[in-house]
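Side chains included, hydrogens not; waters and symmetry mates left out as well; all remaining heavy atoms used.
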Amino acid sequence: MQWTLVIPLKTLERAKSRLSAATGDTLRPGLALAFAQDTVAAALACPAVRGVAVVTDDDLAGRELAALGARIVRDEPPGGLNAALAHGTAAVRAARPRTAVAALNADLPALRPAELARVLDGAAQSPRSFLSDAAGIGTTLLCAAPGTELRPAFGAESRSRHAASGAVELRLDDVDSVRQDVDTGDDLRAALALGVGPRTATAAARLLIAD
């Protein structure tokens, strides 16, 4: 099964606000962009991925991610994360009504294409499924097979909400890179330990220099 991924991204000035305590507000927007660039690049390198649509109103992020091969969908009108995902999914399925769709976080800088392929292969066994984040509280990936609505319920404690909605939880080993989103300084250190993509590595080096 080939998947189209929908990745939501806030404007860079607002993205990853919880990282400010560790990075400050000067370097944070650049890190948020680097996370998204490495996430999109890894996703597009995954053999199970047909395409990536990024839902964002940020002009710089839109240009940089389009240069990597992503389709940019304007977040109009803005209505929050789940509304952005519904809007992006509708745009994707307007062009390909029977495509399998998956919502993927934009902050997975250690993402490995092979691990993402394993998760998507597991997702192909169910109409709707999801992968929890490294903390076991949130969700990093929500999948909907062809003909199935995505019905995103991201936000605080989304793991329990997605389970309650009937989505099947994907319980897979050795897919840490697909689980490790970055919201805090500790998350960033965990991602760096896994091995991040080149753009995040460069941005993190600037952070170390600044310190």
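The ring pair (Phe, Tyr, Trp, His ring centres under 6.0 Å) analysis of residues 159-186, with sequence neighbours excluded, yields the pairs F130-H162, F154-H162. Residue pairs meeting the ring pair (Phe, Tyr, Trp, His ring centres under 6.0 Å) criterion with at least one partner in residues 50-86, sequence neighbours excluded, do not occur; the list is empty. Residue pairs meeting the ring pair (Phe, Tyr, Trp, His ring centres under 6.0 Å) criterion with at least one partner in residues 76-126, sequence neighbours excluded, are absent. Identified under the ring pair (Phe, Tyr, Trp, His ring centres under 6.0 Å) test for residues 13-34, with sequence neighbours left out: none.
Here K16 pairs with D183 in a salt bridge; the nearest charged N to carboxylate O distance falls below 4.0 Å. Salt bridge status for R199 with D38: present, with a side-chain N to carboxylate O gap under 4.0 Å. Between R118 and D121, none of the side-chain N atoms (NZ, or NE/NH1/NH2) sits under 4.0 Å from a carboxylate O, so this pair counts as no salt bridge. Salt bridge E169/R171: present, at least one basic N to carboxylate O contact under 4.0 Å.
In terms of modelled atom types and a separation under 3.5 Å, the side chain of R151 and the main chain of A144 share no donor-acceptor contact. Judged by distance alone, the side chain of D57 and the main-chain N or O of D75 form a donor-acceptor pair under 3.5 Å. No donor-acceptor pair under 3.5 Å is formed between the side chain of R71 and the backbone N or O of V54. Remark: the backbone N or O of S132 is paired with a side-chain donor or acceptor of R179 at under 3.5 angstrom. The backbone N or O of L27 sits nowhere less than 3.5 Å from a side-chain atom of R206 that would complete a donor-acceptor pair. The closest donor-acceptor contact from the side chain of D58 to the backbone of L60 lies under 3.5 Å.
Scored by the side chain to side chain donor-acceptor pair (under 3.5 Å) test, D187 finds T184 as partners (sequence neighbours excluded). By the side chain to side chain donor-acceptor pair (under 3.5 Å) test, R98 is found to be paired with no residue, residues two or more places apart in sequence or in another chain being considered.
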